[in-house]
Amino acid sequence: MGTLFRLIGWILMGAALAMLAIDAWAWLGGARKLTGTGELWRRLDADSLETVRSLIQHYLFPWLWDPIGLWTLAQPATAVLGVAGFLIAFLARR
């Protein structure tokens, strides 16, 4: 099980590096803003973002969505993916 979580952590860190490269390329093209986590999620699958929001807000922890969920979605995707990947890989180490 630890190997699976380490793999997931490494995949997330790779995705963070890919987002950094995408944002750097956009910066060279004139964009002056990093891609937010919510924006990335919306681009990948807007329906699942709405489903998760609804699930958390209405059924699980309503207090969790507004301060923590929205703040996380507003952060740069590179940082969120990198930190999440590092934490998962670090906690799953042997």
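Counting begins at 1 with the first residue of the sequence.
Membership of an apolar cluster is not assigned to V80, as no side-chain contact below 4.5 Å to another ILVMFWY residue is traced. Other residues sharing the hydrophobic cluster of M19, ordered by chain and number and joined by side-chain separations under 4.5 Å: M1, L4, F5, I8, L12, I22, L40, L44, L81, I88.
The stretch residues 11-22 participates, sequence neighbours left out, in no side-chain hydrogen bond (donor to acceptor under 3.5 Å, both in side chains) pair at all. Identified under the ring pair (Phe, Tyr, Trp, His ring centres under 6.0 Å) test for residues 10-29, with sequence neighbours left out: none.
A search for side-chain hydrogen bond (donor to acceptor under 3.5 Å, both in side chains) contacts involving T35 returns D23, not counting sequence neighbours. Among residues two or more places apart in sequence or in another chain, the salt bridge (Lys or Arg N to Asp or Glu O under 4.0 Å) test is passed with R42 by none. The ring pair (Phe, Tyr, Trp, His ring centres under 6.0 Å) search around Y59 returns none, not counting sequence neighbours. Contacts of W41 classified as side-chain hydrogen bond (donor to acceptor under 3.5 Å, both in side chains), with partners at least two apart in sequence or in another chain: S48.
The minimum heavy-atom distance linking G82 with A16 is given by the pair N-CB, 3.4 Å.
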Solution key, residues 49-57 side-chain donor-acceptor pairs under 3.5 Å, sequence neighbours excluded:
unit_1 : atom_1 : unit_2 : atom_2 : d
E50    : OE1    : R53    : NE     : 3.3
E50    : OE2    : R53    : NE     : 3.1
E50    : OE2    : R53    : NH2    : 2.3
T51    : OG1    : D47    : O      : 2.9
R53    : NH1    : Q57    : OE1    : 2.1

Distance-only check: which donor-acceptor pairs under 3.5 Å involve side-chain atoms of residues 64-77, not counting sequence neighbours?
unit_1 : atom_1 : unit_2 : atom_2 : d
T72    : OG1    : I68    : O      : 2.8
Q75    : NE2    : W71    : O      : 3.1

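With respect to T78, the side-chain contact (heavy atoms from CB on, under 4.5 Å) criterion is satisfied by exactly one of V83, L20, T37: L20.
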